[in-house]
Amino acid sequence: MVLGGIEAGGTKFVCAVSDNELNIIERLSIPTTTPSETVKKVVDFFKRYPIEALGVGSFGPIDVNKDSKTYGYITNTPKVAWQNYDFVGTLSSALSVPIGWTTDVNAAALGEITFGAAKGKKSCVYITVGTGIGGGAVVNGHLLEGYGHPEMGHLLVRLHEDDSFEGNCPFHHNCLEGLASGPAIEKRLNEKASNLPVEHDYWQIEADYLAQAVMNYTLILSPEMIVFGGGVMKQEHLFPLIREAYSKKIAHYVEVPPLDQYIVPCGLGDNAGIKGCLILAEKTLDKNRTE
Ligand code: ADP
Ligand code: ZN
């Protein structure tokens with residue numbers, strides 16, 4: 001059995017095919033340009049394999065509501081060429097296989113809970129802090145979706161007392177993404193996040209925002225683990241700072257696992273998303289067989 005996965009990101013699409021144990025046989029990275037150009041290359045890649053199902057984790061926002069006329073579309077993304085694009089419909093007509101469809105971060109949560117840092121747990125939140133901030137979750141073994149999908153990066157957080165940055169989210173200004181994403185750090189300090197020294201005072205502020213987010217995810221979802229990925233989280237010294245800030249904020253109000261096992265770096269690194277897409281393909285095939 002051969003399965004296919006697409007991690008559709010704003011910069012690149014990672015495509016992979018795997019065997020039935022989800023070992024990756026081949027992968028290809030395709031730059032994200034226009035739908036016609038990028039998706040043609042994606043389709044050409046998968047046509048070379050007898051895939052039985054495809055799992056897609058996409059940048060968004062996307063329509064995941066099965067009752068909606070625009071199910072399977074990328075919707076109001078700031079990437080103009082991809083606005084209102086019928087992604088699943090296009091793949092389905094070209095490849096004629098069942099397609100699992102979710103957000104890139106939900107796919108990463110699925111990857112991490114199956115093979116990564118949260119392996120063996122029933123629930124986890126995955127949050128990426130990179131060009132944007134996004135989060136997905138697995139709850140009792142299921143991807144968290146409702147009318148739409150969670151947008152955990154756009155939480156409202158309290159401005160830190162030493163921060164006066166107005167935020168750069170085009171929708172909400174000083175939401176979590178607007179204050180704490182890589183580009184927000186760069187705009188505020190006029191310096192790339194990757195160039196800030198470990199001792200820089202700003203990291204305490206970054207940790208405060210991320211701790212506020214962890215507190216909210218904890219209070220709403222009570223996950224067994226919160227896994228962080230994304231470029232900014234390569235600053236490993238952030239983890240103890242986030243745990244300390246979280247501990248002060250939550251004030252022992254709710255029980256969680258020991259913090260070094262609760263607020264953790266991702267286990268699969270850059271593979272979390274694509275692995276999750278392959279798991280989604282497998283789940284979609286199983287569901288299709290039993291229906
Ligand atoms: P994307 O979110 O586009 O998928 P990344 O997760 O790599 O990609 O995030 C890119 C962002 O992360 C950029 O804003 C970059 O400045 C920041 N970044 C990348 N590497 C580091 C690092 N080592 N330390 C801090 N910030 C980083
Ligand atoms: Zn926002």
Side-chain angles (χ1 to χ4, degrees), residues 7 9-12 14 59 104-105 108-109 111-112 116-118 124-137 152-155 157-169 174-218 223 225-250 256-276:
E7 187 191 10
T11 319
K12 63 180 191 297
V14 178
F59 75 93
D104 45 5
V105 278
E112 285 292 328
C124 79
V125 164
Y126 174 87
I127 171 131
T128 177
V129 186
T131 306
I133 300 185
M152 300 190 194
H154 293 263
L155 292 183
V157 289
R158 286 185 194 155
L159 198 66
H160 189 280
E161 58 185 7
D162 298 328
D163 190 16
S164 56
F165 183 51
E166 67 278 11
N168 72 344
C169 171
N174 60 0
C175 66
L176 178 66
E177 176 173 297
L179 290 171
S181 66
I185 300 172
E186 189 173 339
K187 192 166 175 205
R188 176 194 280 109
L189 300 171
N190 233 329
E191 181 66 83
K192 280 192 184 313
S194 50
N195 291 342
L196 286 191
V198 171
E199 321 74 61
H200 198 289
D201 289 345
Y202 175 72
W203 291 120
Q204 202 72 51
I205 298 175
E206 179 76 7
D208 179 276
Y209 292 138
L210 298 176
Q212 291 190 53
V214 170
M215 176 161 165
N216 286 318
Y217 305 144
T218 301
M225 185 177 264
I226 295 178
V227 181
F228 277 95
V232 175
M233 300 313 293
K234 291 191 177 139
Q235 301 284 331
E236 285 172 19
H237 58 91
L238 269 175
F239 284 90
L241 296 180
I242 298 168
R243 290 177 193 129
E244 197 187 323
Y246 167 82
S247 186
K248 282 193 191 135
K249 287 177 196 304
I250 198 92
V256 295
L259 292 188
D260 59 350
Q261 294 159 47
Y262 185 58
I263 300 170
V264 301
C266 61
L268 300 178
D270 294 339
N271 276 331
I274 191 64
K275 277 282 193 184

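Keep in mind that the numbers below use all heavy atoms, side chains included, and drop hydrogens, waters and symmetry copies.
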Inset, instruction - Kindly determine whether Tyr262 and Arg243 satisfy side chain to side chain contact (heavy atoms under 4.5 Å, CB included), including the steps that lead there. - result: CA-CA 9 Å; Tyr262 185 58; Arg243 290 177 193 129; over 6 Å; no
Legend entry - Cationic N near anionic O, under 4.0 Å, Lys249 to Asp208: yes
Taking the side chain as every heavy atom from C-beta outward, state whether [X] and [Y] have any pair of such atoms under 4.5 Å apart.
| X | Y | result |
| --- | --- | --- |
| Leu179 | Leu159 | yes |
| Ser181 | Thr131 | no |
| Leu238 | Phe228 | no |
| Leu210 | Val214 | no |
| Met233 | Ile242 | yes |

To check you understand the geometry: which heavy-atom pair defines the closest contact between [X] and [Y], and what is its length?
| X | Y | value |
| --- | --- | --- |
| Ala180 | Tyr202 | CA-OH, 4.3 Å |
| Cys175 | Gly153 | SG-O, 4.4 Å |
| Ala137 | Val125 | CB-CG2, 4.1 Å |
| Ala207 | Ala245 | O-CB, 4.2 Å |
| Phe59 | Asp104 | CA-OD2, 3.6 Å |
| Gly269 | Glu112 | N-OE2, 4.3 Å |

Could you state the interatomic distance from [atom1] ([X]) to [atom2] ([Y]), rounded to the nearest 0.5 Å?
| X | Y | atom1 | atom2 | result |
| --- | --- | --- | --- | --- |
| Arg188 | Glu206 | CZ | CD | 7.5 Å |
| Ile205 | Glu161 | CD1 | CD | 9.0 Å |
| Leu155 | Ile127 | CG | CD1 | 7.0 Å |
| Ile226 | Met215 | CD1 | CE | 11.5 Å |
| Gln235 | Ser194 | CD | OG | 7.5 Å |
| Leu259 | Phe239 | CG | CZ | 12.5 Å |

Inset, instruction - Please step through side chain to side chain contact (heavy atoms under 4.5 Å, CB included) for the pair Tyr209 and Asp163, ending with a clear verdict. - result: CA-CA 11 Å; Tyr209 292 138; Asp163 190 16; 2.6 Å; yes
Look only at the side chain of [X] and the backbone of [Y], and say whether a donor-acceptor pair between them is shorter than 3.5 Å.
| X | Y | answer |
| --- | --- | --- |
| Glu177 | His154 | no |
| Tyr217 | Met152 | yes |
| Glu191 | Leu196 | no |
| Gln204 | Leu241 | no |

Legend entry - Leu268 and Ile274: CA distance, side-chain angles, deciding distance, side chain to side chain contact (heavy atoms under 4.5 Å, CB included) verdict: CA-CA 10 Å; Leu268 300 178; Ile274 191 64; over 6 Å; no
Inset, instruction - Evaluate side chain to side chain contact (heavy atoms under 4.5 Å, CB included) for Trp203 paired with Val198, printing each intermediate quantity in order. - result: CA-CA 8 Å; Trp203 291 120; Val198 171; 5.5 Å; no
